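Since the structure comes first, as structure tokens, the remarks are kept for the end.
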Amino acid sequence: MTIGPQRRQIRVYSDRGCEVVQLLGEIDNASAGLVEREVLLGVRASTGVVVDLTRTTFLDSAGLRCLDRLVTAFTNRGAPVRIAAPPDGMVRFTLDLVGMLPELLAENVDEALDEMTA
């Protein structure tokens with residue numbers, strides 16, 4: 001399933017019993033609200049959720065707020081959450097800069113899924 005204002009902002013698929021939410025492109029003030037709403041409405045996983053930021057090119061404060069709300073919402077639903085963000089990318093730098101919990105972070109989707117299904 002692909003949803004979002006540019007038809008490719010969000011891609012959701014299942015892998016190893018978890019839902020993977022791939023956020024594509026820029027998650028900023030113009031798109032964050034819609035991204036958050038569409039993900040929360042479209043993902044009902046209770047097994048686990050991986051937020052894949054490996055193809056996210058930019059994340060501003062609205063994008064960070066969106067990500068924080070998604071993590072909180074899925075955690076409150078009882079679904080463990082991991083965030084996949086390459087360690088050498090600008091998005092990961094931003095997550096590290098704001099103090100995102102290291103236990104939520106993985107270098108890629110496979111690592112995040114391994115942690116959730118181990």
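The structure displayed is predicted, hence computed values, not measured ones. For the single chain, residues carry numbers from 1 onward in sequence order.
Taking the side chain to side chain contact (heavy atoms under 4.5 Å, CB included) definition, one finds that T57 meets it with E26, sequence neighbours left out. With sequence neighbours excluded, no residue satisfies side chain to side chain donor-acceptor pair (under 3.5 Å) with T94.
Counting only heavy atoms from C-beta outward, the side chains of I10 and Q22 never approach each other to under 4.5 Å. A heavy-atom distance below 4.5 Å is found between the side chains of L70 and L40. L53 is listed as a side-chain neighbour of L67, based on a closest heavy-atom distance under 4.5 Å. In this structure, C18 and V49 have side chains that are not in contact, with every pair of non-hydrogen atoms separated by 4.5 Å or more.
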Going by atom type alone, with no hydrogens or angles, which donor-acceptor pairs under 3.5 Å involve a side-chain atom of residues 102-110 and a protein atom two or more places apart or on another chain?
residue : atom : partner : partner atom : Å
N108    : OD1  : D110    : N            : 3.2
N108    : OD1  : E111    : N            : 2.7
D110    : OD1  : R16     : NH2          : 3.2

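If you chain together hydrophobic residues whose side chains sit under 4.5 Å apart, L101 and V51 fall into the same group. The hydrophobic clustering, which links ILVMFWY residues whose side-chain heavy atoms are closer than 4.5 Å, places L64 and F58 apart.
When the options V98, L23, D28, L95 are evaluated for a side chain to side chain contact (heavy atoms under 4.5 Å, CB included) with L59, the one that passes is L95.
Within the structure, salt bridge (Lys or Arg N to Asp or Glu O under 4.0 Å) contacts touching residues 57-76 (residues at least two apart or in different chains) are E36-R69. Under the salt bridge (Lys or Arg N to Asp or Glu O under 4.0 Å) criterion, the residue pairs touching residues 82-102 are R82-E115, R92-D96, with sequence neighbours excluded.
Atom CG of residue N29 and atom SG of residue C66 lie 11.5 Å apart, to the nearest 0.5 angstrom.
Applying the 4.5 Å side-chain rule to ILVMFWY residues, one finds M90, F93 in the same cluster as L97.
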Worked check of side-chain contact (heavy atoms from CB on, under 4.5 Å) between V43 and V12: CA-CA 8 Å; V43 177; V12 179; 4.0 Å; yes
V71 vs I83, side-chain contact (heavy atoms from CB on, under 4.5 Å): CA-CA, chis, key distance, verdict: CA-CA 9 Å; V71 169; I83 300 167; 4.0 Å; yes
